[in-house]
Amino acid sequence: MIVTRFAPSPTGYLHVGGARTALFNWLLARRLGGRFLLRIEDTDVKRNTPTAAAQVMADLRWLGLDWDEGPDIGGPSGPYSQSERRPIYDRYIRRLLDEKKAYYCFDTSEELGALRDEAQTEKRHNLYQRPSQFPTEADVQKARAEGRPVTVRFAVTQTEPIVVEDEIRGQVTFNPADIGDFIILKSDGFPTYHFAVVVDDELMGVTHILRGQEHLMNTPNHQLLQKALGFRIPKYAHMSVTVSDSGGKLSKRERPKALRTAVEAKVGVDHAVLAKAGGISVEELDSFLRGDSAPDMPAIDAMAEFLGVHLPEINVVDFFRSGYLPETMVNFLALLGWNPGDGREIMTRQELIEAFDLLRVTKANSLFDRNKLLAFNTEHIKRTPAETLAGHFRAYLKAVDSPVAGADDALLARIIRLNEGARTLEQIEQKSRFAFIPNEAVCYDPESVRKVLLKGDGLAILRAVGQGLAALKELTPETVETLLRGLAEEKQVGLGKVAQPLRVALCGNTVSLPIFDAAQMLGLNNTLKRIERTLKEFGPSRGS
RNA sequence: GGCCCCAUCGUCUAGAGGCCCAGGACACCGGGUUUUCAACCCGGCGACAGGGGUUCGAAUCCCCUUGGGGCUACCA
């Protein structure tokens, strides 16, 4: 039985890179009928945020990646949060200490920093100088009394090359001479990542460790620890990194960066107003704009919305809020560094599980291509069963606080049907919201008004359309169509010439649902009122 | 700087020595369809990073160069 795990550190939302790692682990476990574990790596007290673990779990659930053991549901090898496992780590630290495989250190971070700088300027590898005699417990007491930090380092004594058998990359060999004695217990009493990960993976029975390539260089350290502790060596597989179109690893810093450039590009942005929109102080904003600090994500999001700029989606929730389907994300992420080998691209979770194979994971880094993601979303919107899609759409509407949320199930289903071919849920929302806002709230897009209403005889046609509609006994898509087509024929123009002015009058712009249905959704009364308002606002009477 | 990983169209990739003057998808360009935006249909552009080997034969194997990425913390 194989066991895989996803072990995020709760520093914020789950981002796509993490989601991809989680997905591959999940796919591997599901494919081979194994178990998939969720473990929270919260050994860095400074960086953890209290709600992050819950948020990460919510994001995984949205993606449909379920776990068999985890902090919320427990399991045979709990607890599943590292902060709750300190007694366990202490036991193993003690063992290494007793066996003289590890030793105490009392260096301050300033001292270590100085050593690092020195090595840097001399262009040397920074290796920690192991003392000839390990400090005793008495030395520890003394150091504590003096207020010096106490850490524990692992003594790297092996001289033979360390060979990592990577399932994706093959054999990778390391020279232990390049690996300095590294810290395994921090001065705050928490183990470092290297130590906690090794102990937990052993105790939790993890058989396959699939993680990002950034961990490849850590693996020799981990294997050294495993050997020293008498643990088995699990199978390792290091996946390529997902890079951003702006170059480098796709990182959560991109959203703040994009916002900063947007603010810089816009002239005359009132900092006081912008700061207020983000719920932060002007000082915080200025510090952010200088590049000295970054406010938290909700503040970034709020300011971006205020400015009307679209930030690149990085976190899983960003994609949710931009109207992407979880099916899309899972499918797309799976194909970033893996493929089924038979040319298939659009696949369901089940198909992915059945086809997944570590042997087909590619080695090269891949770029996160938003265009292709959009195409995938379009395809999944088409393929997802109506009820499922309606559920996703409801959740989306609620999340973005859309007036369209007021639609009943039948209307929502109809809206979705009318939006066949939409690329995102956001698009569906934008094209439908006209029917859920008060007549006075319609915003007229100046460009559309100019082109459709003012340039030709759009206003005259709109007036005729209004009169025709007013005379209608019943307003249905069919009667509207008959009317508009008749009008077009009468005036010897294309249907577009009569449909477009009506579209602008009802929706405010030229992008909307099919106009016959749009009119019917609005009802005769509102339709006439909006036409009236449009004529009044843009009609020639304005000047007289 | 040191260590490690990687390298096929703009992007994601197929390709495990002859099936490849390299296939698919997205993007792009042209055309069609059309009440808008999409969607849809047809067509087109477009890559084996460079240089050496090995071999009868190399995108596929080896070496070097170049380029990209990662790591180099009391972060994970």
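Proteins get letters first, then strands, A, B, ... in listed order; numbering begins at 1 in each.
OP1 and OP2 of B:G69 both lie 4.0 Å or more from every side-chain N or O belonging to A:Lys363. Proximity of A:Lys46 to the phosphate of B:A76: no side-chain N or O atom is located under 4.0 Å from OP1 or OP2. Contact annotation: A:Ser366 side-chain N/O to B:U11 OP1/OP2 distance is not under 4.0 Å. Note on A:Lys382: a side-chain N or O is less than 4.0 Å away from OP1 or OP2 of B:C40. At B:A76, one or more side-chain N or O atoms of A:Thr43 fall inside 4.0 Å of OP1 or OP2 (strictly under the cut-off). Side-chain nitrogen and oxygen atoms of A:Thr378 include none within less than 4.0 Å of the OP1 or OP2 phosphate oxygen of B:A39. At B:U35, one or more side-chain N or O atoms of A:Arg485 fall inside 4.0 Å of OP1 or OP2 (strictly under the cut-off).
In this structure, A:Arg20 is positioned above the aromatic face of A:Phe24, its NZ or CZ under 6.0 Å from the six-membered ring centre and within 45° of the axis. A cation-pi arrangement, defined by a distance under 6.0 Å to the six-membered ring centre and an angle within 45 degrees of its axis, is present between A:Arg86 and A:Phe190. Remark: A:Arg153 is positioned above the aromatic ring of A:Tyr128, its terminal NZ or CZ atom under 6.0 angstrom from the ring centre and at most 45 degrees off the axis.
With B:U35, B:C74, B:C4 as the candidates, the nucleotide lying closest to the side chain of A:Arg503 is B:U35. Of the candidate nucleotides B:C12, B:C37, B:C74, B:C37 has the atom lying nearest to any side-chain atom of A:Val511. Side-chain proximity of A:Asn339 to the nucleotides B:C74, B:C3, B:A14 is greatest for B:A14. Among the nucleotides B:A14, B:A7, B:A76, the one closest to the side chain of A:Arg360 is B:A14. In this structure, the nucleotide among B:U35, B:C74, B:C12 sitting nearest to the side chain of A:Ser109 is B:C74. Candidate nucleotides B:G69, B:C74, B:C5 were compared by shortest atom distance to the side chain of A:Val172, and B:C5 ranks first.
Counting atom types as modelled, A:Lys431 pairs a side-chain N or O with a base atom of B:C37 as donor and acceptor under 3.5 Å. Contact annotation: side chain of A:Asn365 to base of B:A7, donor-acceptor pair absent below 3.5 Å.
Using P as the reference atom, B:C63 and B:U54 are 15 Å apart when rounded to the nearest Å. B:A7 and B:C62: their P atoms are spaced 11 Å apart (whole Å). Going from the P atom of B:A16 to that of B:C61 covers 11 Å, rounded to whole Å. When the C1' atom is used for both B:G69 and B:A49, the distance is 16 Å, rounded to whole Å. Between B:C3 and B:C9, the distance separating the two C1' atoms is 33 Å to the nearest Å.
Under the Watson-Crick or G-U wobble criterion, with both distances below 3.5 Å, B:A7 is paired with B:U66. In this structure B:A22 sits in no base pair that meets the Watson-Crick or G-U test at under 3.5 Å. Checking B:G44 for Watson-Crick or G-U wobble geometry (two distances, each under 3.5 Å) identifies B:C28 as its partner. B:U34 makes up no base pair with any nucleotide shown, lacking Watson-Crick or G-U wobble contacts both under 3.5 Å. Figure legend. B:C71 is base-paired to B:G2; pairs are counted as Watson-Crick or G-U wobble with both atom distances under 3.5 Å.
If you measure from atom CD of A:Glu420 to atom P of B:C37, you get 17 Å, rounded to the nearest angstrom. Across the protein-nucleic acid pair, A:His15 atom NE2 and B:A76 atom P stand 15 Å apart, rounded to whole Å. Whole-Å rounding puts the A:Ile346 CD1 to B:A39 P distance at 13 Å. Distance, A:His222 NE2 to B:A76 P: 11 Å, rounded to whole Å. Per the geometry, CZ belonging to A:Phe195 stands 14 Å off P belonging to B:A76, to the nearest Å. To the nearest angstrom, P of B:G69 lies 19 Å from CZ of A:Phe368. Atom CD of A:Glu214 is separated from atom P of B:A73 by 16 Å (rounded to the nearest Å). Counting to the nearest Å, the C1' atom of B:U13 and the CE atom of A:Met239 are 17 Å from each other.
Side chains of A:Gln500 and A:Thr510: no donor on one and acceptor on the other come within 3.5 Å. Between the side chains of A:Asn339 and A:Arg360, at least one donor-acceptor pair of N or O atoms lies under 3.5 Å.
Less than 4.0 Å separates RNA chain B from at least one heavy atom of each of the following residues of residues 149-170 of chain A: A:Pro149, A:Thr151, A:Arg169.
Ring planes of A:Phe182 and A:Phe154: tilted class, angle from 30 to 60°.
Both A:Ser9 and A:Phe516 lie near RNA chain B, and the one whose nearest nucleotide falls closer to the 5' end is A:Phe516.
Residue pairs meeting the salt bridge (Lys or Arg N to Asp or Glu O under 4.0 Å) criterion with at least one member in residues 481-490 of chain A, sequence neighbours excluded, are A:Glu481-A:Arg485.
Within a 6.0 Å sphere centred on CZ of A:Arg370, other residues, nucleotides and ligands contribute more than 12 heavy atoms.
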If a protein heavy atom is under 4.0 Å from the base, mark B; if only from the sugar-phosphate, S; if neither, -; do that for nucleotides 24-30 of chain B going 5' to 3'. BBSS---

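Between A:Arg47 and A:Asp44 there is a salt bridge, since a side-chain N of the basic residue sits under 4.0 Å from a carboxylate O of the acidic one. Residues A:Lys257 and A:Glu254 are not paired through a salt bridge, judged by the lack of any N-O separation under 4.0 Å between the basic side chain and the carboxylate.
Atom CE of A:Met347 sits about 5.0 Å away from atom CG of A:Leu352, to the nearest 0.5 Å.
Exactly one of A:Arg169, A:Gln213, A:Arg211 qualifies for a side chain to side chain donor-acceptor pair (under 3.5 Å) with A:His238. That residue is A:Arg211.
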